[in-house]
Colleague: 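Let me begin by handing over the structure; questions about it come next.
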Number of protein chains: 2
Amino acid sequence: MSNNKLPTIKEIAKRLNVSASTVSRALHDHPSIGLVTTMRVHKVAKELGYEANKMAIYFKERKTYTIGVIIPDLSEPFFSAALTGVEDAAEASNYNVIIGQSLDNFEREKKIVENMKDHRVDGVLVSLTKETSTYEHFDSLKKYNIPVVFFDRVPNRKDINYVACNLVSGMLQAITKLVGIGHSRIGLINGPAKLAATLQRLEIYCRCLKENNLPMDQDIIVSTTLAKADNVKAIDKLLALEEPPTAIIVFNDYVLLDCIAAVKAAGLVVNKDISFISFANLPIWEYMESVPLGSIEQFANKQSSMAAEFLFQMINNANKPNSPELPLLQHIIDSEMIDYSSAK
Amino acid sequence: MSNNKLPTIKEIAKRLNVSASTVSRALHDHPSIGLVTTMRVHKVAKELGYEANKMAIYFKERKTYTIGVIIPDLSEPFFSAALTGVEDAAEASNYNVIIGQSLDNFEREKKIVENMKDHRVDGVLVSLTKETSTYEHFDSLKKYNIPVVFFDRVPNRKDINYVACNLVSGMLQAITKLVGIGHSRIGLINGPAKLAATLQRLEIYCRCLKENNLPMDQDIIVSTTLAKADNVKAIDKLLALEEPPTAIIVFNDYVLLDCIAAVKAAGLVVNKDISFISFANLPIWEYMESVPLGSIEQFANKQSSMAAEFLFQMINNANKPNSPELPLLQHIIDSEMIDYSSAK
DNA sequence: AAATTTTACGCAAACGGTTGCGTAAAATGG
DNA sequence: CCATTTTACGCAACCGTTTGCGTAAAATTT
């Protein structure tokens, strides 16, 4: 059983018959304390193994040196990479990171925000739930002077701080590449209509087709609920067309995995009979034999660490007394198509 | 700009011309406070939007309701699953989780421990670095009454609290299964000698062979540094034998992925010419066409959440004044071979 | 030697809330 | 009507550290 009593400043003060304030100042080598006293204090402090109780200091400072990160799901490599990005940035600033997984559940997200408020984190980083469409729970953090920065899955609002990823650049690279190697009939397997990401992909797809002077054909645009059976149905529908696409942009890697299986089942060969480009979430293609021509990378790590930097800027700015009101911190990172076609 | 001043108990007290202690008691509906006063306090509290500053309470309680988790690498699905297990358990107990990635670096691990001590976490969960062989940095937490529970990668000591995974059960299932379907020449591709896991696998492999009355042949035991080229070299060495094994136990899934590629490159067919069983770390086999016959699952989530339960037991026990000195909390979970042979 | 400055330290409040103890005033008992 | 209990609240300490201000004693100046 350990002593249970950690040495405090008062303890040192008592032993030396001086006041706690003298000890505190001596420990910081404050000039107003005599040299001998300072040395005696240091000596006793060392003997007792004294260490300042940071929680007491933090409490006085009204800070916790902790930030919260709210993400949908750690089992997604995208988000675990994002968390790592945050942790790296936080470590560099001597901050701690507490996590909360919303599991794409709005109520959980609210609860996590509440909890982080209770713990008085110095700031919050969020990647939203798919369900989230109202933001009062984040607005309420303003009352506690807790800044919020969103990343990747960000609210559809102007008055927020965020880092997001622009899918246009990657999609443009993808379609340009496909056109470059001779494809002119490029399909799209999109996600469920209710997801913002779905609409976004459709818009960008159309734009990029146009930029490449390709016609748009509704027949080669299909969607899936993201369920496995539905993914297969979607790709089969395209393959069954009279004139099937020769290349397909796929909603994400999970969908693509099912598509590849279906293509093989149909006796076709990936990258010969049909080519794919998808939106990256899985770091697995280097191990697979059938791979997409490329993946549109959204740089989870880069997004999250930049969001963390923004957050620290806001936190530090708030600490300065004459803070000149920071402008909104917003940044959009370009996605990039990672080319796999040369790899195999 | 928000008001910067959150309402406090003192603020309420001032408005009602009562003392802070009365307000505090009224807010908790303490019987010694008159009904009218209590109601007036509640009313003003509501008007002001008063919420207790938990940090102040925690500081007084000398608790933080936060536990720390130290794991090697979040990008490994095993550890992100483990973290999720911890978070689930923590949420159920109203605790927060702060994370630290050691990146398999001993110095980082020490630094993280130090940091968590500074933040006075109520307890720590650890899965050790591959480099860690001394444990003073954890012992030092005793001084602060911070309990520690290890999981999965645990110290080689008796006097610790831990949850670990027993590989024997899974390996035995694996070899028994292989024997059952006619294999009698079962190889082993092991990891680098310096890893504890390597020695462990070798021992268990030998034991399980013996239990199935199979002879041991040094020729079909090879090792790899875990680098891709070396993985390929290892499997090629086995395939080049006069009498190659018909089944191989592989160190882990990463190694196996390279092995499968090498087998295909050699013109052989997985699960026909040669079969594999590996130690699971990747949740990818459901998407692959060539899969091992089975994977030995070590239940990251179960291990970590049980470790968290242990930790909470220790924390709660320490809070009780007449704590009857908890015994060491130790548990070993059986690994299990997950059978994929029927799936394809 | 008296006046002034400097040195070296203590007091007390502050952060926000909790709690043991003391005590007026009101209610009850005899 | 006096003695005792109950009711309802305030005081002050506490958690551990920091910091503005005040002040004796010592050192310096004249």
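So that the names make sense, note that chain A is the first sequence line, chain B the second, and so on, each numbered from 1.
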Colleague: Round to a whole Å and report the spacing from CG of A/L16 to P of C/dA8.
Modeller: 17 Å
Colleague: How long is the line joining CD of B/E61 and C1' of D/dC14, in whole Å?
Modeller: 14 Å
Colleague: Check the angle between the aromatic planes of A/Y65 and A/Y95 and answer parallel, tilted or perpendicular using the 30° and 60° thresholds.
Modeller: tilted
Colleague: Starting at NE2 of B/H30 and ending at P of C/dG20, how long is that distance when rounded to a whole Å?
Modeller: 8 Å
Colleague: For A/M55 and D/dC15, give me the distance from atom CE to atom C1', rounded to whole Å.
Modeller: 12 Å
Colleague: Kindly indicate whether the side chain of A/T8 and the base of D/dC15 share any N or O donor-acceptor pair separated by less than 3.5 Å?
Modeller: no
Colleague: Picking from C/dG10, C/dC9, D/dC9, which would you name as closest to the side chain of A/T37?
Modeller: C/dC9
Colleague: How close or far is atom P of C/dA8 from atom NE2 of A/H28, stated in whole angstroms?
Modeller: 19 Å
Colleague: Can you label the angle between the B/F150 ring and the B/F138 ring as parallel, tilted or perpendicular, going by 30° and 60°?
Modeller: perpendicular
Colleague: Picking from D/dT17, D/dC15, C/dC9, which would you name as closest to the side chain of B/R62?
Modeller: D/dC15
Colleague: Do A/S21 and A/S24 have a side chain donor and acceptor closer than 3.5 Å?
Modeller: no
Colleague: What is the distance, to the nearest angstrom, from the CG atom on B/D118 to the C1' atom on D/dT17?
Modeller: 15 Å
Colleague: As a test of reading the structure: which of D/dG16, D/dA8, C/dG16 is closest to the side chain of A/K10, going by heavy atoms?
Modeller: D/dG16
Colleague: Can you tell me if A/E109 and A/H137 form a side-chain donor-acceptor pair at under 3.5 Å?
Modeller: yes
Colleague: Return whichever of B/T38 or B/A56 has its heavy-atom-nearest nucleotide of DNA chain D closer to the 5' end.
Modeller: B/T38
Colleague: With the side chain of B/R25 defined as its heavy atoms from C-beta on, choose the nearest nucleotide among D/dG10, C/dG17, C/dA8.
Modeller: D/dG10
Colleague: Of the options D/dG10, C/dT18, C/dG10, whose atoms approach the side-chain atoms of B/S24 most closely?
Modeller: C/dT18
Colleague: Counting only side-chain heavy atoms from C-beta out, which of D/dT18, C/dC11, C/dG17 sits nearest to A/K60?
Modeller: D/dT18
Colleague: Measure from CD1 on B/I33 to C1' on C/dG20 and round the result to the nearest Å.
Modeller: 14 Å
Colleague: Pick the closest DNA chain D nucleotide for B/L35 and for B/F59 by heavy atoms, then say which residue is nearer the 5' end.
Modeller: B/L35
Colleague: For B/V23, report the nucleic acid contact type (base, sugar-phosphate, nothing); a contact means any heavy atom under 4.0 Å.
Modeller: nothing
Colleague: Quick check for you: among C/dG17, D/dC11, D/dT19, whose closest atom lies nearest to any side-chain atom of B/Y50?
Modeller: C/dG17
Colleague: Answer with yes or no whether the side chains of B/D122 and B/T64 bring together a donor and an acceptor at under 3.5 Å.
Modeller: yes
Colleague: Quick check for you: among C/dG10, C/dG17, D/dG16, whose closest atom lies nearest to any side-chain atom of A/S19?
Modeller: C/dG10
Colleague: Roughly how many Å is it from CG in A/L6 to C1' in D/dT17, rounded to a whole number?
Modeller: 14 Å
